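These numbers were taken from a predicted model, which means no experiment stands behind them.
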Amino acid sequence: MPELPEAETIARGLNRRLARRRLGPVALLRSDIVHGDPRPLDRLLPGRRVMRVHRQAKRVVLDLQPATQLVFHLGMSGRLYLCGVAEPIEKHTHLRIRIVGTHHELRFRDPRRFGGVWCLTGSHRHKGKRLGEVGLEPLETTPAVFRRILSRQRQIKALLLDQRAIAGLGNIYSDESLHAAHIHPLAKAGDLDRAAADRLLRAIKTTLRKAIRFGGSTFMDYRRADGAEGSFQRYHRVYNREGKPCRACGTTIVRIRAAGRSTFFCPKCQPVA
DNA sequence: CGCATTTCCTGGAGGC
DNA sequence: TGCCTCCAGGAAATGC
């Protein structure tokens, strides 16, 4: 379940190995995962040079020259990694792109297919799904701007999951941030006073930065660009810890449903306001 | 309009 | 062992 820290980790790993490289032949094994410019990828991509790989919200973006962006959304089971061209092709591998001058290729694999690839060229023609608009980049947001998105009646957990409001948080980091900020997941966003709102933004930043330092959280599918697992899951305080003692106070962690998602919190650290 | 809920998809877990 | 059901979740679609 790649969220911002996982996308950041993958982007950094790929940037180190792909910057300045040229893309070679493309094999598209499943075409309905590709959106954007309707021309085939094996005509659009070969010969283009990777200028850099970076992250936007939860997405991994390859900036290509001339003027093209290849945007990967990993959904929940998506993996994007470099491997030797002779490595066995795992089930649900949808796209392979050779890297010129190496014996490696970039592979996109996504069993559950909630993810996808967008090839953006500036062409006015477009096929497939539109890439949704994204809201605030949490690591670059000021308290005053953050307070502006706290719509009145909305549950704070639902708001944190809404990519159009603030981008990059998924289920794990929403729960971890709310715990660190001592805010109940069902609290109404508009009920947060200024101190609580500022505390929440600080908790979001701290949690994301720490997760990035540990290479993200691996539960099932997520791997770094080099195949290694992240390790931040060892430091989760609430996520997936139903029935276990809170790491701050020892109270039993509770699981409820919020915004249609499993939501974990500590009833003592995160009291109803 | 502004919310909340359902849907898409597959693999893994657990029941029997 | 095998078959069944349920669950995970990002984001679009649908419902209230």
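Panel note: side chain Arg247(A), backbone His236(A); a donor-acceptor pair is recorded below 3.5 Å. With hydrogens and angles disregarded, no donor-acceptor distance shorter than 3.5 Å links the side chain of Thr93(A) to the backbone of Ile89(A).
For Leu169(A) and dG9(C), the CG to C1' distance is 15 Å, given to the nearest whole Å. With rounding to whole Å, Asp162(A) atom CG is found 14 Å from dA13(C) atom C1'. Across the protein-nucleic acid pair, Asp175(A) atom CG and dG10(C) atom P stand 11 Å apart, rounded to whole Å. Atom CG in Asn240(A) sits about 15 Å away from atom P in dC7(C), given to the nearest Å. We find that CG of Leu4(A) is positioned 13 Å from P of dG10(C), with the value rounded to whole Å. The CG-P distance, from Asp110(A) to dG11(B), rounds to 11 Å in whole Å. The CD atom of Glu242(A) sits 12 Å away from the P atom of dC7(C) (whole-angstrom rounding). Summarising the geometry, the separation between CE on Met76(A) and P on dA11(C) is reported as 12 Å, rounded to the nearest angstrom.
Contacts of Arg164(A) with the nucleic acid, taken as non-hydrogen atoms under 4.0 Å apart, are absent. As judged by a 4.0 angstrom heavy-atom cut-off over every strand, Lys58(A) is placed among residues touching the sugar-phosphate backbone only.
End-to-end axis angle for the helix from dG2(B)-dC16(C) to dC16(B)-dG2(C), using five pairs per end and rounding to 10°, comes out at 50°.
Follow the hydrophobic side-chain contacts under 4.5 Å out from Val134(A) and you never reach Val61(A); the two are in separate clusters.
Phosphate proximity of dA11(C) to His73(A): present, with a side-chain N or O under 4.0 Å from OP1 or OP2. Distances shown here put a side-chain N or O of Tyr239(A) below 4.0 Å from the OP1 or OP2 atom of dG9(C). Residue Lys91(A) places no side-chain N or O under 4.0 Å from the OP1 or OP2 atom of dT10(B).
Atom CD of Glu133(A) sits in a sparse spot, with 12 or fewer heavy atoms from other residues, nucleotides or ligands closer than 6.0 Å.
Salt bridge Arg112(A)/Asp110(A): absent, no basic N to carboxylate O contact under 4.0 Å. The pair Asp175(A)-Arg237(A) does not meet the salt-bridge criterion, since no charged nitrogen lies less than 4.0 angstrom from a carboxylate oxygen.
Residues forming a side chain to side chain contact (heavy atoms under 4.5 Å, CB included) with Asp162(A) (at least two apart in sequence, or on another chain): Arg154(A), Arg164(A), Ala165(A).
Side-chain atoms of Leu120(A) and Asp37(A), non-hydrogen and from C-beta on, never get closer than 4.5 Å to each other.
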Using nucleotides 2-9 of chain B, report all nitrogen or oxygen pairs with the protein that are shorter than 3.5 Å.
| residue | atom | partner | partner atom | Å |
| --- | --- | --- | --- | --- |
| dC9(B) | O3' | Arg113(A) | NH2 | 2.8 |

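At a non-hydrogen distance threshold of 4.0 Å, nothing from residues 6-13 of chain A comes into contact with DNA chain C.
For the pairing with Tyr239(A), the ring pair (Phe, Tyr, Trp, His ring centres under 6.0 Å) check across Phe264(A), Phe232(A), Phe265(A) returns one residue only, Phe264(A).
For the ring pair (Phe, Tyr, Trp, His ring centres under 6.0 Å) condition, the pairs that include at least one residue of residues 53-104 of chain A, sequence neighbours left out, are Phe72(A)-Phe108(A). Screening residues 10-22 of chain A for salt bridge (Lys or Arg N to Asp or Glu O under 4.0 Å) gives Glu8(A)-Arg12(A) as the qualifying pairs, with residues at least two apart or on separate chains.
Using cut-offs of 30° and 60° on the angle between ring planes, the pair Phe214(A) and Tyr235(A) is tilted.
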